[in-house]
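Presented below is the structure to which this report refers.
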Amino acid sequence: MPCNNRFDTFATLIAEELERKGAKASVTHVPVISDGITQGTASMRYSLPSRDLIADSMELAHEGYGADAIITLGGCDKSVPGAVMP
């Protein structure tokens, strides 16, 4: 999505730095619904619930892998709250 389109690059840089410091990085992605793309269509009804799905997806990956810490990146009005909800 437009507001998250550079995060793969950022995530790779962060993961590489963590690996250099001796940590084990695991990069996962979550689904994001863009208001700008769905606005005025029937798909807009999925935008707000996507925030909870974002949070649930992050929590699932974090807990499922038994991680000690999590670094989240969010750039849209749904992904930022979703990133801090877990």
Side-chain angles (χ1 to χ4, degrees):
M1 294 297 100
C3 51
N4 295 310
N5 64 359
R6 293 190 177 107
F7 287 165
D8 193 45
T9 302
F10 295 152
T12 300
L13 292 171
I14 292 167
E16 289 171 354
E17 187 59 29
L18 288 169
E19 296 276 343
R20 270 195 287 279
K21 300 288 185 183
K24 177 62 183 148
S26 175
V27 176
T28 59
H29 300 275
V30 299
V32 178
I33 303 295
S34 171
D35 288 348
I37 293 173
T38 62
Q39 190 170 12
T41 70
S43 298
M44 187 67 186
R45 68 176 173 250
Y46 296 101
S47 181
L48 187 57
S50 72
R51 181 187 61 200
D52 293 329
L53 180 61
I54 292 165
D56 291 345
S57 297
M58 288 182 182
E59 182 178 12
L60 180 78
H62 177 69
E63 296 296 330
Y65 288 116
D68 293 324
I70 185 172
I71 297 172
T72 61
L73 301 173
C76 289
D77 64 333
K78 303 299 178 292
S79 59
V80 171
V84 297
M85 287 169 68

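Quick caveat: nothing in here was measured; it's all calculated off a predicted structure.
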For the student: nearest non-hydrogen atoms of A25 and E19, plus distance: N-OE2, 2.9 Å

To the nearest 0.5 angstrom, please state how far the OG atom of S26 sits from the CG atom of L18. 11.0 Å

Taking all non-hydrogen atoms of both residues, which atom of T72 and which atom of M58 are closest, and how far apart? CG2-SD, 3.8 Å

Is the side chain of T41 donor-acceptor paired with the backbone N or O of T38 at a distance under 3.5 Å, no angle test? yes

In Å, rounded to the nearest 0.5 Å, how long is the span from NZ of K24 to CG of D68? 13.5 Å

Between P31 and the options S50, S79, S57, the side-chain contact (heavy atoms from CB on, under 4.5 Å) test singles out S57

For R51 versus P81, what's the shortest heavy-atom pair and its separation? CD-CB, 3.5 Å

Is F10 reachable from I71 through a run of hydrophobic residues whose side-chain heavy atoms are each under 4.5 Å from the next? yes

For A61 versus T28, what's the shortest heavy-atom pair and its separation? CB-OG1, 3.8 Å

Where do A83 and I54 come nearest, in terms of heavy atoms and distance? N-CG2, 4.3 Å

Would a hydrophobic clustering, with Ile, Leu, Val, Met, Phe, Trp and Tyr connected at side-chain separations under 4.5 Å, put F7 with I14? yes

So, taking the atom named OG1 in T9 and the one named CG in L13, what distance separates them when rounded to the nearest 0.5 Å? 7.0 Å

The test is side chain to side chain contact (heavy atoms under 4.5 Å, CB included); show your working for I33 and L53 and say whether it passes. CA-CA 10 Å; I33 303 295; L53 180 61; over 6 Å; no

